[in-house]
**Student:** 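Below: one structure in structure tokens.
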Amino acid sequence: MLVGVPKEIKNNEFRVGMTPSGVQELIQQGHQVIVQKAAGEAIGFTDAMYVQAGGTLADHAEAVFAKADMIVKVKEPQIAECAMMREGQLLFTYLHLAPDPEQAKGLIASGCVAIAYETVTDNDGSLPLLTPMSEVAGRLSIQAGCRCLEKPQGGMGLLLGGVPGVAPAKVVVIGGGVVGTNAIRMAIGMEADVVVLDKSLSRLQALDMQFGAKLRTIFASRGNLETHIYNADLVICAVLVAGDAAPMLIEKSMLSKMKPHSVIVDVAIDQGGCCETSKATTHEDPTYMVDGIMHYCVANMPGAVPKTSSVALSNATLPFVIDLANKGYDRAMAEDPHLRNGLNIYRGQVTYEAVANVLELPYVSAQEAINHDRHG
């Protein structure tokens, strides 16, 4: 199979879909890889490294999309990239379709087969291709929050961990999954006063066992949520519903009761965000104020550390890329239900129920779509 790796074009996005070592693995499996020139240049993965790994170079994205059987990316395709997809071509990347009807329409119209990293599952019910970026985003959320709390950035002028004789900042993490756990780890490491809210008692118990007395675990009722965000200096929104729009937890009316110049970091913005006033921002212009509350809603947070993120993501996706290349997408998904769970768009049909429901589009199960295509 000919695998294509285009350069990412989203604002300030320097990650790359495959590292040179990943390309080398595919070449050793008997496949071909075409990489757009300068795709990894900004993070030290030079064109020469890709050539040395056995890949070939293309001057422009158009050549990559035109030749490749499978496109391996990081971020969801932009409108110009959707237009370059073709019937039956495989796209393997993050999609986050629920809050993005335009992208969904573009992929449906192209007739491509689009597998989303964020909905591929594992035996334990986890999301193995979302996990590495969730780990990065969770840790970055505290770094970003610390920066936003500084007075020159518009914050209230707090040091997260305080100093002897001065109380630390209060950090409230909403959601105890991968993002939340990594945010908690960083916040506790910086000696903040940390609270986590989650609806799962078993998850709260696990976090209590992991972090002990350094973390307060609170059941996420509406009353508890309001009590804690009104007293917070930094709120991390870390709630995920796989493939679906993020739940709306913080209403605009709540902002006026929060501390002036406190900070909300909405890590769930890729899926629409957990705050009514959240709107996607960029690394170039990451924050804005609403009712005296600073919002940080960068939609590709791990892009701030693109080298770490690219290596972590490639480590996770490579086994799936190899399986898809070796078997072809129909057979690979027929044999692996976890990979099949990643299928969001199949030749003009929406095959992920949560996406279809949110976008009010017809839904066909992945199994049904694949079987119909395989057996005519």
Side-chain angles (χ1 to χ4, degrees), residues 1-8 14-75 77 85-86 88-94 112-118 120-123 127-133 135-136 302 306-343 370:
M1 182 179 284
L2 178 54
V3 178
V5 183
K7 190 176 189 294
E8 297 294 323
F14 301 108
R15 287 176 289 179
V16 64
M18 292 191 71
T19 63
S21 63
V23 169
Q24 185 177 21
E25 289 287 331
L26 266 183
I27 299 296
Q28 289 175 346
Q29 293 278 334
H31 302 289
Q32 299 172 284
V33 183
I34 182 170
V35 181
Q36 185 179 347
K37 286 183 178 178
E41 200 81 38
I43 55 174
F45 295 142
T46 64
D47 289 346
M49 292 168 71
Y50 282 107
V51 171
Q52 188 175 2
T56 57
L57 300 176
D59 289 329
H60 307 290
E62 289 82 357
V64 176
F65 280 86
K67 295 178 181 178
D69 303 303
M70 169 167 51
I71 297 293
V72 178
K73 280 177 42 62
V74 178
K75 287 306 292 176
M85 297 297 300
R86 64 178 187 273
Q89 189 174 34
L90 177 59
L91 173 65
F92 196 35
T93 189
Y94 288 116
C112 76
V113 175
I115 300 176
Y117 293 158
E118 72 270 14
V120 173
T121 55
D122 210 342
N123 289 327
L127 304 170
L129 306 189
L130 188 61
T131 294
M133 295 303 95
E135 291 170 339
V136 172
K307 187 155 192 175
T308 296
S309 298
S310 294
V311 175
L313 181 60
S314 187
N315 289 343
T317 59
L318 185 60
F320 293 95
V321 172
I322 290 173
D323 201 43
L324 287 163
N326 285 345
K327 298 176 181 177
Y329 55 75
D330 277 357
R331 182 183 156 204
M333 286 190 287
E335 294 179 1
D336 184 351
H338 298 300
L339 187 58
R340 190 165 64 245
N341 287 338
L343 186 64
I370 293 167

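When a residue number appears, it is its place in the shown sequence, counting from 1.
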**Student:** Out of curiosity, F320 CZ to D336 CG, how far, rounded to the nearest 0.5 Å?
**Tutor:** 6.0 Å
**Student:** For Q89 versus F65, what's the shortest heavy-atom pair and its separation?
**Tutor:** NE2-O, 2.8 Å
**Student:** Please give me the minimum heavy-atom distance between L90 and I115, naming the atom from each residue.
**Tutor:** CD1-CD1, 3.8 Å
**Student:** Say you draw a straight line from CG of L313 to OG1 of T131; how long is it, rounded to the nearest 0.5 Å?
**Tutor:**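 Those atoms lie 11.0 Å apart.
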**Student:** To check you understand the geometry: which heavy-atom pair defines the closest contact between L339 and L324, and what is its length?
**Tutor:** CD2-CD2, 3.6 Å
**Student:** Go through it in stages, so that I can follow the logic: the residues are F45 and V35, the test is side chain to side chain contact (heavy atoms under 4.5 Å, CB included), and I'd like the CA-CA distance, side-chain angles, deciding distance and then a yes or no.
**Tutor:** CA-CA 11 Å; F45 295 142; V35 181; over 6 Å; no
**Student:** Can you find a pair of side-chain heavy atoms, one from P302 and one from R15, that are under 4.5 Å apart?
**Tutor:**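 In contact.
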**Student:** Does anything in residues 40-63 form a side-chain hydrogen bond (donor to acceptor under 3.5 Å, both in side chains)? List the pairs, not counting sequence neighbours.
**Tutor:** K37-D59
**Student:** For residues 22-32, please give each side-chain donor-acceptor pair under 3.5 Å, one per line with the distance, not counting sequence neighbours.
**Tutor:**
residue	atom	partner	partner atom	Å
Q29	OE1	N326	ND2	3.3
H31	ND1	M1	N	2.9
H31	NE2	N326	OD1	2.6

**Student:** Taking ring pair (Phe, Tyr, Trp, His ring centres under 6.0 Å) as the test, write out the residues that go with Y94, two or more places apart.
**Tutor:**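 Only H96, Y117 meet the ring pair (Phe, Tyr, Trp, His ring centres under 6.0 Å) criterion with Y94.
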**Student:** Check the pair V74 / V16 against side chain to side chain contact (heavy atoms under 4.5 Å, CB included), numbers first and verdict last.
**Tutor:** CA-CA 6 Å; V74 178; V16 64; 5.6 Å; no
**Student:** State, yes or no, whether a side-chain contact exists between I370 and R340 at a heavy-atom distance under 4.5 Å.
**Tutor:** yes
**Student:** Going by the side-chain contact (heavy atoms from CB on, under 4.5 Å) test, name the single residue among V5, L91, T93 that passes it with I71.
**Tutor:**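 Of all the options given, the one that passes is L91.
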**Student:** Which distance, rounded to the nearest 0.5 Å, do you find between the CG of N315 and the OG of S310?
**Tutor:**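 Going from the CG atom of N315 to the OG atom of S310 covers 10.5 Å.
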**Student:** Under 4.0 Å between a side-chain nitrogen and a carboxylate oxygen: does that hold for E8 and K73?
**Tutor:** yes
**Student:** Where is the tightest heavy-atom contact between A58 and V64, given as atom of each residue plus distance?
**Tutor:** CB-CG2, 3.8 Å
**Student:** Indicate yes or no: at least one non-hydrogen side-chain atom of M333 is less than 4.5 angstrom from one of V113.
**Tutor:** yes
**Student:** Considering all heavy atoms of both residues, which atom of G4 and which atom of P6 are nearest to each other, and what is their separation?
**Tutor:** O-CD, 3.6 Å
**Student:** Considering only heavy atoms from C-beta outward, does the side chain of I34 approach that of V3 to under 4.5 Å?
**Tutor:** no
**Student:** Quick check for you: to the nearest 0.5 Å, what is the distance between C112 atom SG and M70 atom CE?
**Tutor:** 13.5 Å
**Student:** Which heavy atom in P20 sits nearest to a heavy atom in A53, and how many Å separate them?
**Tutor:** O-CB, 3.3 Å
**Student:** Just jot down the side-chain hydrogen bond (donor to acceptor under 3.5 Å, both in side chains) partners of Q36, sequence neighbours excluded, or say none.
**Tutor:** none
**Student:** Mind checking what makes side-chain hydrogen bond (donor to acceptor under 3.5 Å, both in side chains) contact with T121, not counting sequence neighbours?
**Tutor:** H338, N341
**Student:** Sorted by first residue and then second, give each salt bridge (Lys or Arg N to Asp or Glu O under 4.0 Å) pair with at least one member in residues 309-329; sequence neighbours left out.
**Tutor:**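 Salt bridge (Lys or Arg N to Asp or Glu O under 4.0 Å) check on residues 309-329 returns D323-K327, K327-E335.
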**Student:** Rounded to the nearest 0.5 Å, how far apart are CG of D69 and CZ of R86?
**Tutor:**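 Nearest 0.5 Å value for the CG-CZ distance: 6.5 Å.
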